[in-house]
Amino acid sequence: MYRASSGLGGFEDSKSVTPKKSKIVMLARTDLFAECLTQAIGARFQDQEVVRLSDADSLLDGNLVGVTLVMLYRVPMANFLSIIRMIHEFHPKAAVGLLVENAEGIDASVSHLVEEGMIHGVLPLNLHLDVCLTAIDLLMKGGEHFPAALLRRLAPKNPGERDLATQDETASEGVDPERGKGFGQVVLTTREIQILDLICMGTQNKIIADRLGLSENTVKVHVRNIYKKMNVRNRTEAASRYFRNDGGLGPSRTPSPTRWRN
């Protein structure tokens, strides 16, 4: 049984780990958000075992095998880099996700780790629960998910270079074949996920372009690609399928106005 440690807080960790079952690890300080999200993840991914850890050293436990995803929440920045390296060394097949309060205020060192491919997803706490769980599903299947604010910071400064980079995102932002086969039968890139999120909020292409630092024509190209991959004809159908999550996107779900905040 994993023991709670004062290193990250004082909640009880999960029950004994069964080696035959894949695992999602939540490394976090204790608070109501962490508790509720852990329960939601367990309910959504019943084929996985959710392991809650309060001490990063527990990642070294030899019984902790088959880890598909490590979610980090309120990890002290002083230990952040060493924890990331520990995960990649001892759980090389696991995706790494980071829960943050504000995507606009992400530390520069975190941005650098994203650019280096050591963090596969950054999830702000104000995401809708269904979007958060969809992003977690995507990470476990080899995809990536980042907030628009972070992507703007990482985008090339030259507009021409920015558009060229965007057009080639299927190669650079898509699915890592070493970690999974994609998002069910529909494989969307990081940028396409971001654009689809904004489409579902009713955002126009011009506004999407401004928020993501892209040209409007580039956004239109992405929207067409999204429609083609999802086999839909318009924004309404795309949003409907996104929340229904049929055709390989996962189980049925209903949009909820509830936002998860710390």
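With a 4.5 Å cut-off on side-chain heavy atoms, Val25 and His91 do not count as touching. At least one side-chain heavy atom of Leu196 sits under 4.5 Å from a side-chain heavy atom of Met230. Two residues are said to be in side-chain contact when any heavy atoms from C-beta on lie closer than 4.5 Å; Pro147 and Val122 meet this criterion. Looking at Arg44 and Asp137, their side chains come closer than 4.5 Å, going by heavy atoms from C-beta outward. Side-chain contact between Ile41 and Gln48 is absent, with no heavy-atom pair separated by less than 4.5 Å.
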### Task
Take Cys200 and Val131 through the test side chain to side chain contact (heavy atoms under 4.5 Å, CB included) and record every step on the way to the result.
CA-CA 11 Å; Cys200 291; Val131 176; over 6 Å; no
### Message
Is there a side chain to side chain contact (heavy atoms under 4.5 Å, CB included) between Leu113 and Leu81? Walk through the geometry before answering.
### Response
CA-CA 9 Å; Leu113 291 173; Leu81 181 57; 3.8 Å; yes
### Task
Assess whether side chain to side chain contact (heavy atoms under 4.5 Å, CB included) is satisfied between Leu72 and Phe80, documenting all intermediate values.
CA-CA 9 Å; Leu72 305 175; Phe80 188 77; 3.9 Å; yes
### Message
Could you walk me through whether Glu35 and Arg52 satisfy the side chain to side chain contact (heavy atoms under 4.5 Å, CB included) test, starting with their C-alpha distance in whole Å, then the side-chain angles of each, then the deciding distance to 0.1 Å, before giving a yes or no?
### Response
CA-CA 9 Å; Glu35 182 75 24; Arg52 291 189 292 123; 3.6 Å; yes
### Query
Between Glu101 and Arg74, does a salt bridge (Lys or Arg N to Asp or Glu O under 4.0 Å) hold up when you go through it step by step?
CA-CA 9 Å; Glu101 294 186 9; Arg74 298 183 67 185; 5.1 Å; no
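Checking Val219, Asn225, Val223, Thr218 one by one against Val221, the side-chain contact (heavy atoms from CB on, under 4.5 Å) holds for a single residue, Asn225.
In this structure, Ala94 and Val70 approach most closely via the heavy-atom pair CB-CG2, 4.3 Å. Considering all non-hydrogen atoms of both residues, Ser58 and Leu64 come closest at O-CD2, 3.9 Å. Shown here for Gly97 and Leu139, the closest heavy-atom pair between the two residues is CA-CD1, 4.1 Å. The nearest pair of heavy atoms linking His120 to His88 is CE1-CE1, 4.1 Å. Glu89 and Pro92 make their closest contact through O-CD, 3.9 Å (heavy atoms, listed as atom of the first residue, atom of the second, distance). In plain terms, the two heavy atoms of Ile87 and Val96 that are nearest each other are CG2-CG2, 3.7 Å.
In this structure, Lys23 contributes its side chain and Val65 its backbone to a donor-acceptor pair below 3.5 Å. Between the side chain of His145 and the backbone N or O of Ile193 there is no donor-acceptor pair closer than 3.5 Å.
Put simply, OG1 on Thr68 and CD on Glu49 are 11.0 Å apart, with the number rounded to the nearest 0.5 Å. Within the model, atoms CD1 of Ile195 and OG1 of Thr190 stand 11.0 Å from one another, a figure rounded to the nearest 0.5 Å. Expressed to the nearest 0.5 Å, how far CD1 of Ile136 lies from CG of Leu69 amounts to 6.5 Å. Atom CG of Leu59 sits about 6.0 Å away from atom CE of Met86, to the nearest 0.5 Å.
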If you look only at distance, which donor and acceptor atoms sit under 3.5 Å apart when one is on a side chain in residues 201-211 and the other is two or more places apart or in another chain?
residue : atom : partner : partner atom : Å
Thr203  : OG1  : Leu198  : O            : 3.0
Asn205  : OD1  : Arg235  : NH1          : 3.0
Asn205  : OD1  : Arg235  : NH2          : 3.4

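Around the CG atom of Asn231, the shell of radius 6.0 Å holds no more than 12 heavy atoms that belong to other residues, nucleotides or ligands.
Take Arg233 and apply the side-chain contact (heavy atoms from CB on, under 4.5 Å) test, not counting sequence neighbours, and it matches Glu237.
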